[in-house]
Amino acid sequence: MTESTAAHTNLAATLGTRADARAGERGRGAVALTVARVVLALFFGFSAFAKLIAHETAIESFDRMGWNQAAMYTIGGLEMAGAIALLIPVLAGVAAMAFCGLMAGASIVQLTLLDRVNAIMPALLIVLLVLIARERRDRTADLVALIRRHA
């Protein structure tokens, strides 16, 4: 084997190892984001359930904001739909983007109407939701293309 061929073989092996490492990192990242999707779906599902059954804490929060029960049921319904959509791979990216908007609103409501210290939680959830939406962007593009074909 010539020096050039040996160097090429070593370079190819090194690049292959790096590519394998990146693929492994992506795999671990994808697993972490899948776990995050399930945990967020449970979190939003429980939050939605409290609103939809008109739990006293939900009623109290909406009363403190000066909002009526129709708003509580609407937000609860949106949360439940989003929670379910987070669990459906083709809808997860769209759901994550929608939740970013909902959490931005929740953060503003916390800052202006409720407890300022609690505004950080929805803001932190936005970061995680953006990561999920980014990871699911190919599926979201497929969904958009499917809708356009059938529109």
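Owing to the predicted nature of the structure, the values given are computational and were not obtained by experimental measurement. Scope of the values below: all heavy atoms of this structure, side chains included, with no hydrogens, waters or symmetry mates.
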Considering all heavy atoms, the nearest [X]-[Y] contact:
X      : Y      : result
Leu125 : Met103 : CD1-SD, 3.9 Å
Asn68  : Phe62  : O-CD2, 4.2 Å
Phe99  : Gly82  : CE1-C, 3.3 Å
Ala119 : Ser107 : O-OG, 3.0 Å
Ala96  : Leu129 : CB-O, 3.4 Å
Ala104 : Ile126 : N-CD1, 3.6 Å

Contacts table for residues 131-151: side-chain donor-acceptor under 3.5 angstrom, sequence neighbours left out:
{"unit_1": "Arg137", "atom_1": "NH1", "unit_2": "Arg134", "atom_2": "O", "d": "2.6"}
{"unit_1": "Thr140", "atom_1": "OG1", "unit_2": "Arg136", "atom_2": "O", "d": "3.2"}
{"unit_1": "His150", "atom_1": "ND1", "unit_2": "Leu146", "atom_2": "O", "d": "2.9"}

Transitively linked via ILVMFWY side-chain contacts under 4.5 Å: [X] with [Y]?
X      : Y      : value
Ile108 : Met121 : no
Leu52  : Ile75  : yes
Ile84  : Met97  : yes

So, do Trp67 and Leu113 sit near enough that their side-chain heavy atoms are less than 4.5 Å apart?
-> yes
Which value, rounded to the nearest 0.5 Å, describes the distance between [X] atom [atom1] and [Y] atom [atom2]?
X      : Y     : atom1 : atom2 : value
Met65  : Ser61 : CE    : OG    : 6.0 Å
Lys51  : Phe46 : NZ    : CZ    : 13.0 Å
Leu114 : Arg64 : CG    : CZ    : 5.0 Å
Ile59  : Ile53 : CD1   : CD1   : 9.5 Å

Side chain Ser47, main chain Phe43, donor-acceptor under 3.5 Å = no
Candidate list Leu91, Val94, Leu40, test side chain to side chain contact (heavy atoms under 4.5 Å, CB included), partner Leu86, passing option |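 Between Leu86 and the candidates, side chain to side chain contact (heavy atoms under 4.5 Å, CB included) is satisfied uniquely by Leu40.
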What do the steps show when you test Arg37 against Leu33 for side chain to side chain contact (heavy atoms under 4.5 Å, CB included), and what is the final call?
-> CA-CA 6 Å; Arg37 280 190 309 115; Leu33 287 174; 5.6 Å; no
Would the number of heavy atoms belonging to other residues, nucleotides or ligands and lying under 6.0 Å from CZ of Phe49 be above 12?
->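 Atom CZ in Phe49 is not crowded, with 12 or fewer foreign heavy atoms closer than 6.0 Å.
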